[in-house]
Amino acid sequence: MAQKTPVTFLQEKCVSQKINVPYYEEIPSNEDIMFTFRVEALGASAEGTGPSKQEAKHLAAANLLTILGDDITTLSTPDSIRPEKDNVVTLLDICVARNLDKAVFETIDARGPSHAPSFTVQCKVANIVRVAKHSTKKGAKQLAAKAMLEVIQSVYPEEKKVLVPLEQSMKNNEERNSYLFKNYREWKDSDQKSVLGLKLADRHNFFVNLLPDRVARALSVFSLHETDKEKVHLLADALGFPLKIYPENSVEGPPLIVLELTCDFETTTIGTEETVYRDFLTYMKVMLH
């Protein structure tokens with residue numbers, strides 16, 4: 001026999017006691033991706049918040065049943081609102097496979113009464129942050145992971161990635177470092193600066209002749225609704241090149257930030273916090289077209 005859902009169980013409980021059926025009311029929410037419902041029945045009320053109206057209703061019903069002293073551990077939720085996969089595990093796996101910073105989760109807010117709690121969890125990968133709310137910590141963590149996955153997968157539409165064996169990767173890095181400066185600071189302190197005297201056409205040809213899928217992923221970043229800072233990190237990740245960001249001492253004027261994209265034609269952008277990310281994106285957009 002199929003397990004009953006919280007909504008069904010509450011409905012039958014009211015019918016068996018010959019009283020009015022539960023009354024559900026949607027409560028306006030400031031979160032565009034979340035829905036909140038209040039349910040009233042049997043002289044009590046409770047609320048539930050979820051990523052869909054259906055889940056919000058089930059959570060409201062489950063919270064009300066808990067107030068009434070019913071055991072809800074045997075109840076189920078419809079398959080349509082169960083997560084098809086563990087978003088947290090998927091995100092962590094993708095971070096490893098794509099050499100991204102490990103996803104970090106943090107509960108940044110917990111409020112509400114015991115029968116209708118609300119948890120807010122933050123998910124952070126590098127400088128990209130996504131936040132989600134749910135009536136359970138686990139649910140909020142799953143939603144935050146899902147939101148982060150959408151950002152990463154908008155740059156990487158396919159989950160496939162060719163992984164280079166560690167020994168080969170180390171060898172490639174050693175060969176590259178034998179003729180390239182490691183970073184902007186090393187170049188600045190060196191007397192041999194001829195490497196920067198490259199023709200703009202050579203640099204442009206390098207970027208446009210990268211693997212087509214890399215270029216396509218990189219170009220897709222420009223249309224994302226993210227901050228310039230987040231786009232810079234996503235762009236470097238799409239191209240597959242390390243990105244370094246560090247402060248540069250300025251004798252006069254506001255503090256400066258250095259953005260350094262390490263590749264055969266290393267790209268360095270210097271500017272203030274307000275302009276450097278936009279300048280970098282503008283320059284790279286020209287290089288990739």
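We find the CD-SG distance between Gln142 and Cys123 to be 10.5 Å, quoted to the nearest 0.5 Å. For the atom pair CZ (Phe9) and CG (Asp71), the distance works out to 8.5 Å, reported to the nearest 0.5 Å. Between atom CG of residue Leu10 and atom OG1 of residue Thr5 there is a gap of 9.5 Å, rounded to the nearest 0.5 Å. Here the OG1 atom belonging to Thr120 is positioned 5.5 Å from the CD1 atom belonging to Ile108, to the nearest 0.5 angstrom. Put simply, CD1 on Ile94 and CG on Leu149 are 5.0 Å apart, with the number rounded to the nearest 0.5 Å. Between atom OG1 of residue Thr8 and atom CD of residue Glu12 there is a gap of 6.5 Å, rounded to the nearest 0.5 Å.
When all heavy atoms of Val215 and Val208 are compared, the pair lying nearest together is CG2-O, 4.3 Å. Ser45 and Glu40 make their closest contact through CB-CG, 3.7 Å (heavy atoms, listed as atom of the first residue, atom of the second, distance). Nearest heavy atom pair, residue Val39 against residue Ala60, reads CG1-O, 3.4 Å. In terms of heavy-atom proximity, Gln122 sits nearest to Val129 at CG-CG1, 3.5 Å. Annotation for Pro6 and Leu65: closest pair O-CD1, 3.8 Å, computed over non-hydrogen atoms. Pairing each heavy atom of Met287 with each of Phe207, the nearest pair is O-CB, 3.6 Å.
Within the 4.5 Å cutoff, side-chain heavy atoms of Phe222 are placed close to those of Leu235. Looking at His134 and Lys141, their side chains never come closer than 4.5 Å, going by heavy atoms from C-beta outward. At least one side-chain heavy atom of Cys14 sits less than 4.5 Å from a side-chain heavy atom of Pro22. Residues Ile67 and Asn63 have side chains not in contact (no heavy-atom distance under 4.5 Å, counting atoms from C-beta outward). Inter-residue side-chain proximity for Cys95 and Val125 is flagged as met; some heavy-atom pair is nearer than 4.5 Å. Between Thr36 and Ser118, the closest side-chain pair of non-hydrogen atoms is not below 4.5 Å. Looking at heavy atoms from C-beta onward, Leu239 lies in side-chain contact with Leu288 at the 4.5 angstrom threshold. The shortest distance between side-chain heavy atoms of Leu243 and His233 falls below 4.5 Å.
With salt bridges taken as basic N to acidic carboxylate O contacts below 4.0 Å, one links Arg130 and Glu226.
Transitive grouping of hydrophobic side chains (ILVMFWY, heavy atoms separated by less than 4.5 Å) brings Met284 and Val286 into a common cluster. When the side chains of ILVMFWY residues are joined at heavy-atom separations under 4.5 Å, either directly or via intervening members, Val232 and Leu224 end up in a single hydrophobic cluster. Under a hydrophobic-cluster definition in which Ile, Leu, Val, Met, Phe, Trp and Tyr are linked whenever side-chain heavy atoms come within less than 4.5 Å, directly or via other members, Val131 and Phe119 are assigned to different clusters. Hydrophobic clustering (side-chain heavy atoms under 4.5 Å, transitive across Ile, Leu, Val, Met, Phe, Trp, Tyr) groups Val151 together with Phe105.
Remark: Gln11 engages no residue in a side-chain hydrogen bond (donor to acceptor under 3.5 Å, both in side chains) (not counting sequence neighbours). Residues that satisfy the side-chain hydrogen bond (donor to acceptor under 3.5 Å, both in side chains) test with Lys13, not counting sequence neighbours, are Asp70. In this view, Lys138 satisfies the salt bridge (Lys or Arg N to Asp or Glu O under 4.0 Å) rule with no residue, not counting sequence neighbours. Applying the side-chain hydrogen bond (donor to acceptor under 3.5 Å, both in side chains) rule to Asp228 yields the partners Arg278; only residues at least two apart in sequence or on another chain are considered. Residues forming a salt bridge (Lys or Arg N to Asp or Glu O under 4.0 Å) with Glu26 (at least two apart in sequence, or on another chain): Lys53.
Taking the six-membered ring where tryptophan is involved, the planes of Phe241 and Phe206 are essentially parallel, since the angle between them stays under 30° and well short of 60°.
Using modelled atom types, no side-chain atom of Thr90 and backbone atom of Asn87 make a donor-acceptor pair closer than 3.5 Å. Although no hydrogens or angles enter the test, the distance criterion places no donor-acceptor pair under 3.5 Å between the side chain of Lys57 and the main chain of Val7.
Evaluated for a side-chain contact (heavy atoms from CB on, under 4.5 Å) with Phe280, the options Ile270, Leu261, Ile257, Thr268 yield exactly one hit, Leu261.
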### Message
Under the criterion side chain to side chain contact (heavy atoms under 4.5 Å, CB included), I'd like the reasoning laid out for Lys133 against Leu143: C-alpha separation, chi angles, the key distance, then a yes or no.
### Response
CA-CA 8 Å; Lys133 292 183 179 181; Leu143 289 175; over 6 Å; no

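Applying the salt bridge (charged side-chain N to carboxylate O under 4.0 Å, His left out) test to every pair with at least one member in residues 105-123, sequence neighbours left out, gives these pairs: Asp109-Arg111.
Applying the 6.0 Å contact sphere to CG of Asp93 captures more than 12 heavy atoms from other residues, nucleotides or ligands.
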